[in-house]
Asker: 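I have a structure here, written as structure tokens, and I will follow up with some questions on it.
Predicted, not measured: the structure shown is a model, and the values here were computed from it.
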Amino acid sequence: MISVSRFLSPQFYAIPRSFVKMSASATQTAGEVSMGIKPPSHPTYDLKAVIKLALAEDAGHTGDVTCMATIPFDMEVEAYFLAKEDGIVAGVALADMIFEHVDPSLKVEWMRKDGDYVHKGLKFGKVSGNAHKIVVAERVLLNFMQRMSGIATLTKLMADAASPACILETRKTAPGLRLVDKWAVLIGGGRNHRMGLFDMVMIKDNHISAAGGIVNAVKSVDEYLKQKNLEMDVEVETRTLEEVKEVLEYASGSETRLTRIMLDNMVVPLENGDVDVTMLKDAVELINGRFETEASGNVTLETVHKIGQSGVTFISSGALTHSVKALDISLKIDTELALEVGRRTKRA
């Protein structure tokens with residue numbers, strides 16, 4: 001078993017545990033969004049609309065009744081972001097966007113940026129301004145940041161273990177949050193697979209079955225792209241060495257747009273918890289660099305290193321986004337009390 005805590009230790013990232021203060025120039029109003037690692041591009045996704053929807057979901061038709069009942073509307077406070085677990089922080093730029101939407105006059109300072117390591121108990125950001133607006137924004141931005149940080153943390157572990165192969169996520173993202181999930185993967189050091197059905201041809205098992213075989217499917221794609229004058233990457237899923245050979249034989253005698261061959265479930269689990277990558281290696285040798293290769297199936301934190309040594313170009317893992325464990329982060333006005341409680345419960 002790979003120890004997650006070992007990989008997330010401060011020594012592993014060579015980042016000091018001391019509280020790092022920012023220079024005065026790092027202070028910004030919420031309207032000044034600092035975008036380090038940019039989100040992936042998407043032709044129709046409206047990130048601002050997603051933020052607006054999330055806030056509206058929380059506010060309903062009356063707004064925050066508790067806030068209106070307990071907090072004077074003109075009260076100003078400072079609140080600190082606290083890490084309650086070790087991990088990789090993600091969603092800093094998105095939090096800036098949320099603060100901007102709620103109240104552009106809020107002043108935000110960050111002691112860590114997207115992709116940085118944070119340790120349990122660390123104050124890594126501060127927001128100051130209207131208390132009512134800060135509390136209204138709190139849960140929505142934490143929901144985003146905790147999920148994104150969880151994805152980024154696992155991605156960092158997987159990406160480091162997979163080297164020299166590159167780690168990819170899949171389309172197994174939370175509905176409506178695909179761009180956010182895939183952004184978190186980038187922050188964690190992974191790379192994005194296709195954004196959706198529109199930006200890459202990916203011939204999977206159901207397409208192959210419906211087309212009457214793997215060669216028919218690849219040939220049909222080649223003809224379609226030529227007819228429509230489309231330029232995009234093409235990937236085909238193979239499940240057996242025989243299918244790999246069929247694809248290679250077709251490609252050797254035809255002009256094809258194929259760029260990548262997926263080697264699906266060619267990692268075989270063993271009873272002792274290890275995996276056998278013999279079939280995967282055989283497939284990589286057959287392809288011999290003619291196309292990019294992608295391993296898929298039975299990819300875990302425990303197996304990804306061995307898979308990465310097989311010679312594949314990419315390793316894809318749906319677990320990066322579909323089985324994410326959120327990283328525990330809070331935003332507190334009374335920081336000292338929060339830390340005291342955290343120490344009592346072993347969360348600070």
Side-chain angles (χ1 to χ4, degrees), residues 40-44 162 165-173 175 178 182 190-269 275-299 303-304 307-308 310-322:
S41 61
H42 191 289
T44 61
C166 297
I167 197 75
L168 308 171
E169 85 295 83
T170 68
R171 284 169 53 235
K172 297 174 183 177
T173 53
R178 176 163 301 169
K182 286 178 173 283
R191 287 176 57 177
N192 291 149
H193 210 300
R194 58 178 179 161
M195 282 300 297
L197 301 173
F198 58 90
D199 60 334
M200 178 181 182
V201 175
M202 189 166 175
I203 309 167
K204 293 180 66 65
D205 50 0
N206 285 335
H207 304 112
I208 293 167
S209 297
I214 197 164
V215 171
N216 284 347
V218 177
K219 183 178 180 181
S220 295
V221 166
D222 284 335
E223 292 172 352
Y224 181 84
L225 293 179
K226 185 175 182 180
Q227 178 188 351
K228 299 294 183 179
N229 195 28
L230 293 173
E231 290 290 337
M232 60 178 62
D233 289 340
V234 177
E235 179 171 8
V236 63
E237 176 184 298
T238 60
R239 296 156 291 182
T240 65
L241 292 178
E242 189 57 42
E243 284 188 329
V244 173
K245 291 174 184 176
E246 287 183 55
V247 169
L248 293 175
E249 185 177 349
Y250 166 77
S252 65
S254 307
E255 184 180 343
T256 181
R257 304 287 187 88
L258 186 67
T259 54
R260 187 183 305 173
I261 298 177
M262 177 187 286
L263 309 171
D264 191 46
N265 287 311
M266 295 190 186
V267 176
V268 182
V275 288
D276 182 355
V277 295
T278 304
M279 186 178 180
L280 185 65
K281 287 182 175 180
D282 289 345
V284 170
E285 288 181 12
L286 280 172
I287 296 164
N288 195 27
R290 293 172 61 187
F291 301 98
E292 295 175 342
T293 52
E294 178 185 328
S296 178
N298 293 309
V299 178
T303 64
V304 71
I307 297 170
S310 68
V312 292
T313 319
F314 300 104
I315 303 172
S316 57
S317 171
L320 292 178
T321 54
H322 73 55

Asker: Give me the atom names and distance for the closest heavy-atom approach of Ser316 to Glu294.
Answerer: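 Of all heavy-atom pairs spanning Ser316 and Glu294, the closest is OG-OE2, 2.8 Å.
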Asker: In residues 281-289, what donor-acceptor pairs under 3.5 Å come from side-chain atoms, sequence neighbours left out?
Answerer:
none

Asker: I need the full list of side-chain hydrogen bond (donor to acceptor under 3.5 Å, both in side chains) pairs touching residues 235-244, with sequence neighbours left out, sorted by first then second residue.
Answerer: His193-Glu235, Lys204-Glu237, Arg239-Glu243
Asker: Would you indicate whether the side-chain heavy atoms of Met266 and Val244 approach each other to under 4.5 Å?
Answerer: yes
Asker: Is the terminal nitrogen or CZ of Arg191 (NZ for Lys, CZ for Arg) located under 6.0 angstrom from the six-membered ring centre of Phe314 and within 45° of that ring's axis?
Answerer: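 Not satisfied by the 6.0 Å and 45° rule.
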Asker: Provide the closest heavy-atom pair for Ser317 versus Val299 in the form atom of the first, atom of the second, distance.
Answerer: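 Answer, listing the atom of Ser317 first, then Val299: CB-CG1, 4.0 Å.
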Asker: Would you name the heavy atoms of Gly311 and Thr293 that are closest together and state the gap between them?
Answerer: O-OG1, 4.1 Å
Asker: What I'd like to find out is whether the side chain of Val268 reaches to under 4.5 Å of the side chain of Asn298, using heavy atoms alone.
Answerer: no
Asker: If I compare all heavy atoms of Ile315 with all of Ala162, which pair ends up nearest, and what's the gap?
Answerer: CD1-CB, 3.9 Å
Asker: Heavy-atom count around Glu223 CD within 6.0 Å, excluding the residue itself: above 12?
Answerer: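 Enclosed: over 12 neighbouring heavy atoms sit under 6.0 Å from CD of Glu223.
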Asker: For Thr278, enumerate each residue passing the side-chain hydrogen bond (donor to acceptor under 3.5 Å, both in side chains) test, keeping only those at least two apart in sequence or located in another chain.
Answerer: Asp276
Asker: Do Arg171 and Met202 come within less than 4.5 Å of each other through their side chains, counting heavy atoms only?
Answerer: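 They are not in side-chain contact.
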Asker: With rounding to the nearest 0.5 Å, note down the distance linking CG in Leu320 to NZ in Lys172.
Answerer: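 Rounded to the nearest 0.5 Å, the CG-NZ separation comes to 11.0 Å.
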Asker: Could you please spell out the steps behind the side chain to side chain contact (heavy atoms under 4.5 Å, CB included) verdict for Met232 and Val201?
Answerer: CA-CA 7 Å; Met232 60 178 62; Val201 175; 3.7 Å; yes
Asker: Please give me the minimum heavy-atom distance between Ile307 and Ala295, naming the atom from each residue.
Answerer: CG2-CB, 3.7 Å
Asker: Only distances under 3.5 Å count here; give the side-chain donor-acceptor pairs of residues 211-221 to other protein atoms, sequence neighbours excluded, each with its distance to 0.1 Å.
Answerer:
from: Asn216; atom 1: ND2; to: Ala211; atom 2: O; distance (Å): 3.4
from: Asn216; atom 1: ND2; to: Gly212; atom 2: O; distance (Å): 3.3
from: Ser220; atom 1: OG; to: Asn216; atom 2: O; distance (Å): 2.8

Asker: Quick one: pull up NZ in Lys182 and CG in Leu168 and give me the separation to the nearest 0.5 Å.
Answerer: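 Those atoms lie 8.5 Å apart.
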Asker: Who passes side-chain hydrogen bond (donor to acceptor under 3.5 Å, both in side chains) against Asn192, sequence neighbours left out?
Answerer: Glu169
Asker: Hey, does the side chain of Arg257 reach the backbone of Leu230 with a donor-acceptor pair shorter than 3.5 angstrom?
Answerer: yes
Asker: List for me each residue that meets side-chain hydrogen bond (donor to acceptor under 3.5 Å, both in side chains) alongside His42, sequence neighbours excluded, and say none if there are none.
Answerer: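 So His42 forms a side-chain hydrogen bond (donor to acceptor under 3.5 Å, both in side chains) with Thr44.
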Asker: Which residues pass the side-chain hydrogen bond (donor to acceptor under 3.5 Å, both in side chains) test with Asp222, not counting sequence neighbours?
Answerer: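 Partners of Asp222 by the side-chain hydrogen bond (donor to acceptor under 3.5 Å, both in side chains) criterion, ordered by chain and then number, come out as Tyr250, Thr256.
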Asker: Does Arg178 use its side chain to pair, donor to acceptor, with the backbone of Met195 at less than 3.5 Å?
Answerer: yes
Asker: Output the distance between atom CE (Met279) and atom CG (Asn265), rounded to the nearest 0.5 Å.
Answerer: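 Nearest 0.5 Å value for the CE-CG distance: 9.0 Å.
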Asker: If you look at every heavy atom in Ile261 and Phe291, which pair is closest and at what distance?
Answerer: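 In terms of heavy atoms, the two residues are closest at CD1-CD1, 3.9 Å.
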